[in-house]
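These notes concern the structure reproduced below.
Computed from heavy atoms alone, side chains included, the values below leave out hydrogens, waters and symmetry copies. Letters A, B, ... are given to chains in the order of the sequence lines, protein chains preceding strands, and every chain is numbered from 1.
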Number of protein chains: 2
Amino acid sequence: MEMRRDIFQAIADPTRRAIIALIALQAMTPNAIAEHFDTSRQAVSKHLRILAECELVSQAHKGREIHYQLKIDKMKEIDQWLEQFRKIWEDRFDNLDQLLAKMQEK
Amino acid sequence: MEMRRDIFQAIADPTRRAIIALIALQAMTPNAIAEHFDTSRQAVSKHLRILAECELVSQAHKGREIHYQLKIDKMKEIDQWLEQFRKIWEDRFDNLDQLLAKMQEK
DNA sequence: TATAAGTGCAATTATCCGGTTTCGCAATTT
DNA sequence: AAATTGCGAAACCGGATAATTGCACTTATA
């Protein structure tokens with residue numbers, strides 16, 4: 001029943017996106033994270049589990065606390081997927097640029 | 001009716017991501033798109049409906065055919081969301097860069 | 001040692017999602 | 001006019017999801 005998750009599914013949930021942003025700069029415990037949302041600690045824990053399955057977070061155990069932090073490098077996968085589209089919209093921008101240049105010549 | 005969808009949910013499904021890539025450069029009909037997948041035309045139609053709800057595709061009616069094309073600009077929304085993380089990983093790269101520079105000084 | 005705090009896991013439930021099948025409608029072809 | 005083609009909508013189904021609740025385990029504190 002361990003479903004194969006990927007990073008795109010991970011960021012589909014708005015709460016998960018908020019968590020990702022929250023722990024991007026500094027590690028946080030599940031309890032501390034849960035305080036930022038209108039949901040239970042267990043629900044946050046589940047989200048963290050999903051993020052961990054996608055290797056999007058790292059865990060640092062300190063006594064009975066567990067500090068979660070975003071593995072920022074993993075986010076580059078989204079960036080890489082976007083690359084194909086970025087090429088297109090940049091090309092179109094260039095074309096528009098050239099068109100404007102031609103119009104100015106006349 | 002369901003205004004509950006956003007672009008992140010749209011790209012969560014792998015088939016939808018493939019459709020997006022397929023119609024990024026040129027408009028295609030549902031039938032033509034469906035030929036690229038191991039699924040029915042109706043299923044593709046459902047995906048296109050979801051993409052349309054997110055304003056990710058444009059429709060051009062030609063007789064009884066409907067040509068769908070990706071609204072590439074909408075993809076920039078993902079890019080904008082990534083911006084916050086791009087800053088972080090670029091900063092870390094800079095730090096690493098400076099660290100390497102210092103090490104070479106000695 | 002007894003209690004409290006921090007956490008993960010299991011069971012439950014209501015909802016959502018993606019697919020198929022069937023159907024109806026409009027545009028084209030014969 | 002009749003048959004075909006292209007399409008979306010509705011009904012349905014099995015599996016996935018997200019949230020809650022209850023519990024068990026470990027670590028810290030009284």
Side-chain angles (χ1 to χ4, degrees), chain A residues 1-23 26-71 81, chain B residues 1-23 26-71 78:
Chain A
M1 303 20 151
E2 309 280 333
M3 217 38 238
R4 278 201 63 183
R5 325 232 183 211
D6 65 21
I7 194 172
F8 294 99
Q9 199 180 353
I11 64 168
D13 185 86
T15 303
R16 232 137 45 205
R17 284 200 302 281
I19 292 177
I20 285 175
L22 203 55
I23 62 176
Q26 60 174 358
M28 291 178 69
T29 66
N31 263 322
I33 295 170
E35 283 174 8
H36 286 74
F37 301 99
D38 190 21
T39 182
S40 69
R41 176 192 58 79
Q42 284 91 337
V44 169
S45 209
K46 264 188 157 184
H47 285 304
L48 288 171
R49 186 172 172 278
I50 290 172
L51 295 177
E53 282 174 7
C54 302
E55 299 181 319
L56 261 167
V57 294
S58 61
Q59 308 178 16
H61 294 255
K62 282 190 179 184
R64 61 186 168 189
E65 295 184 344
I66 305 179
H67 294 254
Y68 287 86
Q69 181 157 19
L70 181 66
K71 286 185 178 176
W81 179 72
Chain B
M1 198 157 203
E2 303 293 325
M3 195 50 195
R4 203 164 157 66
R5 316 210 185 243
D6 64 20
I7 194 172
F8 293 100
Q9 200 181 349
I11 65 168
D13 184 83
T15 302
R16 233 142 38 210
R17 283 201 302 280
I19 292 177
I20 286 175
L22 203 55
I23 62 175
Q26 61 173 0
M28 291 177 70
T29 66
N31 264 319
I33 295 170
E35 283 174 7
H36 286 74
F37 302 98
D38 190 22
T39 182
S40 68
R41 175 191 58 80
Q42 285 90 338
V44 169
S45 210
K46 263 188 156 185
H47 284 305
L48 288 170
R49 186 173 172 279
I50 290 172
L51 295 177
E53 280 174 9
C54 300
E55 298 181 319
L56 262 168
V57 294
S58 62
Q59 308 177 16
H61 294 254
K62 281 190 179 183
R64 62 186 167 190
E65 294 183 344
I66 305 180
H67 294 253
Y68 287 88
Q69 182 157 20
L70 180 66
K71 285 186 178 175
I78 306 171

Please report the distance, rounded to the nearest Å, between CD1 in A:I19 and P in D:dA18. 11 Å
Taken to the nearest whole Å, CG/A:L51 to C1'/C:dG8 is 15 Å
State whether a side-chain donor-acceptor pair under 3.5 Å links A:E65 with A:H67. yes
Please determine whether a side-chain nitrogen or oxygen atom of B:T39 lies at a distance below 4.0 Å from atom OP1 or OP2 of C:dG18. no
Between A:Q69 and A:I23 the two heavy atoms that sit nearest each other are CG-O, 3.5 Å
Could you check if a side-chain atom of A:Y68 sits within less than 4.5 angstrom of a side-chain atom of A:P30, using non-hydrogen atoms only? yes
Just the rounded figure in Å: distance from P of D:dA16 to CG of B:D13. 14 Å
Nearest whole Å is fine: how far is C:dC17 P from B:H47 NE2? 12 Å
Whole angstrom value for the distance that separates P of D:dA18 from CD of A:E53: 11 Å
I need the full list of side chain to side chain donor-acceptor pair (under 3.5 Å) pairs touching residues 26-41 of chain B, with sequence neighbours left out, sorted by first then second residue. none
On DNA chain D, compare the nucleotides closest to A:G63 and A:A43; which residue's is nearer the 5' end? A:A43
Value in whole Å for how far the C1' atom of D:dC25 lies from NE2 of A:H61: 14 Å
Do NZ/NE/NH1/NH2 and the carboxylate oxygens of A:R17 and B:D6 come within less than 4.0 Å? yes
One character per nucleotide, please: for nucleotides 1-11 of chain D, 5' to 3', B when the base has a protein heavy atom closer than 4.0 Å, S when only the sugar-phosphate does, - otherwise. ---BBSBBB-B
In chain order, what residues pass the salt bridge (charged side-chain N to carboxylate O under 4.0 Å, His left out) check against A:E55, with sequence neighbours excluded? A:K74
